[in-house]
Structure formats: structure tokens, C-alpha cells
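Shown next, in C-alpha cells, is the structure this report addresses.
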Amino acid sequence: MKESLEEIALYYKNQGAPSDQSALLSCLREAQQACGGMLDAEAQQILADVLDVKPAYLQAVAKRISDLKLSGASHTLTVCQGVNCSREGKNIHRYLEDELGAKPGKTFLGGKWMYQTVGCQRACRTAPNVRVDGRLMTGMTLERLKEILQKG
């Protein structure tokens, strides 16, 4: 596996990655496929070493691209932490963290969901806002969130 990931990273490094965003995304997608559908910490470290970047950089890029997975979770729930979303979505945060035990950067509900928090999503008028598998959902209610989590 390590040789395969090094080969992939070296190929895309020669194509301009990591400074060429398109080459970097192609690298991450191909590496994810070679790893069975997710980029775990070990894979991220191997790629980072070859591309001469920190694993945190690759994580930051991958978190913004909905088809890149950093865990084995089937779905990703990203909750906005902006001022309006935090105020309007207090019950959402309480439910996720207190009742479900979700912690940012960790999976929950038996590993089915990855929980992430981010800064302002620039949709303040329709707070609270969350992203489900990368898709922005505005005006989120606790009832709607429970339905989404149950279906997922």
C-alpha cells in the first residue's frame, strides 16, 4: 500500500501538486480509491511526505471536498459555528454533543456519521446552517436534523 501511495503522490507531484489544485485533488481522489474509499491518517502522512506538505494541509483540502473521506463514516455532518448559527442552533449543538456524544473530528452513531464544525458559512440570514455530505442546508431545525441522521 505504501509504495502505491508514494507512486501516486510522486506522479501528481510531477504534475504540479500540491500547488496545482487540480493535480492535488486528482492525487487525493486516486489515493482514496487505492485505500478502499477513505484517506486515513497513515495514508495522509505518506502523501504529505512525498508532496512536502503537512498532513493538516491535506486534511484541510479534503474537508472542503465532499467526495473525499477522512474516515470510514458514510456521511459527514458539518455544523456552522458562526455567530448567528451558534445562537440560533444552540439546541442542535446540545443534541449532537450532549445527547449523541458527537465530538468534532470524530464519528458518531456507530461510526456512520463524521461530525465537523466550521466557521461562518456565509448564509447568516438563514441560520442555523449545516452541511450534509457537503450540501448546504439552511434553516436547520432539530426535528429535521433528527430525520436526516435517522435516514443516513
State yes or no: do [X] and [Y] share one hydrophobic cluster built from I, L, V, M, F, W and Y residues joined by side-chain heavy-atom distances below 4.5 Å, directly or via other members?
{"X": "V130", "Y": "V118", "result": "no"}
{"X": "L39", "Y": "V53", "result": "yes"}
{"X": "I148", "Y": "V79", "result": "yes"}
{"X": "Y57", "Y": "L51", "result": "yes"}

Is there side-chain contact between [X] and [Y], with heavy atoms separated by less than 4.5 Å?
{"X": "R144", "Y": "M137", "answer": "yes"}
{"X": "Q59", "Y": "Q44", "answer": "yes"}
{"X": "I46", "Y": "E6", "answer": "yes"}
{"X": "V83", "Y": "C120", "answer": "no"}
{"X": "F108", "Y": "L96", "answer": "yes"}
{"X": "Y12", "Y": "L24", "answer": "no"}
{"X": "R29", "Y": "I65", "answer": "yes"}
{"X": "L149", "Y": "L100", "answer": "yes"}

Item to check | Sequence neighbours excluded, every pair satisfying side-chain hydrogen bond (donor to acceptor under 3.5 Å, both in side chains) that has a member inside residues 103-117 | outcome: T78-Q116, E97-Y115
Measuring from [X]:[atom1] to [Y]:[atom2], what's the distance to the nearest 0.5 Å?
{"X": "T76", "Y": "D67", "atom1": "OG1", "atom2": "CG", "answer": "11.0 Å"}
{"X": "Q121", "Y": "C85", "atom1": "CD", "atom2": "SG", "answer": "7.5 Å"}
{"X": "L25", "Y": "E30", "atom1": "CG", "atom2": "CD", "answer": "13.0 Å"}
{"X": "H75", "Y": "K151", "atom1": "NE2", "atom2": "NZ", "answer": "11.5 Å"}

Next on the checklist: A quick test of your reading: do over 12 heavy atoms of other residues, nucleotides or ligands sit less than 6.0 Å from CD of Q15?
Outcome noted: yes
Can you give me the closest heavy-atom contact between [X] and [Y], atom names plus distance?
{"X": "L28", "Y": "L58", "value": "CD2-CD2, 4.2 Å"}
{"X": "I8", "Y": "A34", "value": "CD1-CB, 3.9 Å"}
{"X": "C80", "Y": "G119", "value": "SG-O, 3.7 Å"}
{"X": "A123", "Y": "L136", "value": "CB-CD2, 4.2 Å"}

Checklist entry - In this structure, which one of L5, L47, V50 forms a side chain to side chain contact (heavy atoms under 4.5 Å, CB included) with C27? => result L47
Checklist entry - Are E88 and M140 close enough, and set up right, to give a side chain to side chain contact (heavy atoms under 4.5 Å, CB included), and what steps lead you there? => result CA-CA 9 Å; E88 299 296 324; M140 183 59 65; over 6 Å; no
Checklist entry - side chain to side chain contact (heavy atoms under 4.5 Å, CB included) between V132 and L145: does it pass, once the steps are laid out? => result CA-CA 10 Å; V132 176; L145 178 65; 5.7 Å; no
Item to check | Residue pairs passing the salt bridge (charged side-chain N to carboxylate O under 4.0 Å, His left out) test where at least one lies in residues 118-136, sequence neighbours excluded | outcome: none
Checklist entry - Can you name the side chain to side chain donor-acceptor pair (under 3.5 Å) partners of Q32, sequence neighbours left out? => result none
Checklist entry - How about R87 and N84: does a side-chain donor come under 3.5 Å of a side-chain acceptor? => result yes
Checklist entry - Can K146 and T141 be said to form a side chain to side chain contact (heavy atoms under 4.5 Å, CB included), step by step? => result CA-CA 9 Å; K146 287 179 179 181; T141 64; over 6 Å; no
Item to check | Side-chain donor or acceptor of Q21 paired with backbone N/O of S19 under 3.5 Å | outcome: no
